[in-house]
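Structure first, then comments.
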Amino acid sequence: NESNVGIINQIMETLTEYCQGPCYENQACIATHESNGLGIIIALILNEINPLGKTRMDLVLELKNNASKLLLAIMESRTSCDSENVAEKIIYNMNPKQLIDVACRAYHQDTLDEDEGEEASDNEGGVSPKVVG
């Protein structure tokens, strides 16, 4: 829900900082841990976040943006020679077509909302996905 978005964003920003540098141990911990960190991050990127997405698309885009940054931080300076091939795990769990569909939906969300008669750009100071992206 809307009240938890700030906490989730802070967690992703903190984990991103832990992985940057790069810090291979922290990257490996998130990528290979039994908590399924990669799966959670990928799910945040690929799945719709409802009902929040119907009222506060700006918060959804912020969550997806921070999840994307964390995913990039996990892959930072990794090579195919690494014992844990993080890129392969990500590609295995993330269908490229699905990723493109999510990006297109987010980009065109403003147009879809207008077609439904909603004023997406005037909603409580919300930000249009086209402005963010």
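Heavy-atom basis, side chains included; hydrogens, waters and symmetry copies ignored.
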Within the distance-only criterion (no hydrogens, no angle test), does the side chain of Gln27 pair as donor or acceptor with the backbone N or O of Met75 below 3.5 angstrom? no
Would you list the atom pairs, donor with acceptor, under 3.5 Å between side chains in residues 11-23 and any protein atom, with sequence neighbours excluded?
{"residue": "Thr14", "atom": "OG1", "partner": "Gln10", "partner atom": "O", "Å": "2.8"}
{"residue": "Thr14", "atom": "OG1", "partner": "Gln10", "partner atom": "NE2", "Å": "3.0"}
{"residue": "Thr16", "atom": "OG1", "partner": "Met12", "partner atom": "O", "Å": "2.7"}

Nearest 0.5 Å, what's the CG-CG distance between Asn9 and Asn4? 11.0 Å
For Asn36, enumerate each residue passing the side chain to side chain donor-acceptor pair (under 3.5 Å) test, keeping only those at least two apart in sequence or located in another chain. none
If hydrophobic clusters are built from ILVMFWY residues whose side chains come within less than 4.5 Å, do Leu61 and Ile7 share one? yes
So which heavy atom on Leu59 is nearest to which on Glu2, and how close? CD1-CG, 3.5 Å
How would you list all residue pairs meeting salt bridge (Lys or Arg N to Asp or Glu O under 4.0 Å) that involve residues 40-49, not counting sequence neighbours? Glu48-Arg105
Evaluation steps, side chain to side chain contact (heavy atoms under 4.5 Å, CB included), between Glu62 and Asn65: CA-CA 5 Å; Glu62 186 178 358; Asn65 186 34; 5.6 Å; no
Let me have the donor-acceptor pairs involving side chains of residues 38-46, under 3.5 Å, with sequence neighbours excluded, atom names and distances please.
none

